[in-house]
Chemist: 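If you scroll down you'll find the structure; I have some questions about it.
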Amino acid sequence: MNYWLMKSEPITYGIDHLFKEKQCIWDGVRNYQARNFLKMMQVGDLAFFYHSNTQPPGIVGLMRIIESNIDDPSQFDPDSRYYDPKSDPQNPRWQTVKVELAEIFNAMITLERLKQNFRDDQMMVIKKGNRLSITPVEQNIAETILSWRN
DNA sequence: GCCAACGTTGGC
DNA sequence: GCCAACGTTGGC
């Protein structure tokens, strides 16, 4: 079982949206490195839900992967902002996962707190200039973060 | 709103 | 295959 961190701007899709929907397909990732991490995810993996472009940014909850290696439907939808006309339906370019909400944390675990407790070679999201929306989280780091809940 | 840090695109 | 130009992300 592996841990991950998945970013989203709450103005677009935040943890409140997921709370209402219970589960969702994590669509719209259009970066190959991030997609490669998505393809590595397995059912049962856990992912931190991270709010980006907020004041402050940080982790707001936990999700569980409930379906892996899905072809992202939005790549074939001309009305979607994530439409990719270059993606061949016979050989889709973008894969993702389906997640369910596991937990909403009582208080956000801020980026600042992560930076205070970990080095930037321990956790990708705290590296300066990092823009990857999907990143792995080492187990011991994940367990430490989970111990901060409530 | 600024801008650093990337990733992507496309001409050559 | 190089790299300049451009677009995007996301903290601040």
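A note on names: the letters A, B, ... follow the listed sequences, proteins ahead of strands, and every chain is numbered from 1.
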Chemist: Answer yes when A:Lys86 and A:Asp84 have at least one side-chain N-carboxylate O distance shorter than 4.0 Å, and no when they do not.
Modeler: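 Salt bridge absent between A:Lys86 and A:Asp84.
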Chemist: Could you work out how much the helix from B:dG1-C:dC12 to B:dC12-C:dG1 bends, comparing the axis of its first five pairs with that of its last five, to 10°?
Modeler: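 Roughly 10°, once rounded to the nearest ten degrees.
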Chemist: Nearest 0.5 Å, please: how far is CE in A:Met6 from CG in A:Leu62?
Modeler: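 Reported to 0.5 Å precision, the distance equals 11.5 Å.
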Chemist: Walk along nucleotides 2-12 of chain C from 5' to 3' and tag each nucleotide B, S or - by protein heavy-atom contact under 4.0 Å, base first, then sugar-phosphate.
Modeler: -----BBBBBS
Chemist: Hey, which of these two, A:Lys86 or A:Lys128, hits DNA chain B nearer its 5' end, going by closest nucleotide?
Modeler: A:Lys128
Chemist: In the structure I gave you, are the side-chain heavy atoms of A:Lys98 and A:Ile70 within less than 4.5 Å of one another anywhere?
Modeler: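 Side-chain contact under 4.5 Å: yes.
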Chemist: Check whether NZ of the Lys or CZ of the Arg A:Lys22 lies under 6.0 Å from the centre of the six-membered ring of A:Phe19 and within 45 degrees of that ring's axis.
Modeler: yes
Chemist: With sequence neighbours excluded, give me every side chain to side chain donor-acceptor pair (under 3.5 Å) pair touching residues 101-116 of chain A.
Modeler: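 Checked against side chain to side chain donor-acceptor pair (under 3.5 Å) - neighbours excluded - the pairs reaching residues 101-116 of chain A are A:Glu103-A:Arg149.
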Chemist: For residues A:Glu9 and A:Ser52, is any side-chain donor paired with an opposing acceptor at under 3.5 Å?
Modeler: no
Chemist: For the residue pair A:Tyr3 and A:Phe48, categorise the inter-ring angle as parallel (less than 30°), tilted (30 to 60°) or perpendicular (more than 60°).
Modeler: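 A:Tyr3 vs A:Phe48 ring planes: parallel.
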Chemist: Name the one of A:Tyr83, A:Tyr32, A:Tyr82 that satisfies ring-ring contact (aromatic ring centres under 6.0 Å, His included) with A:Trp94?
Modeler: A:Tyr32
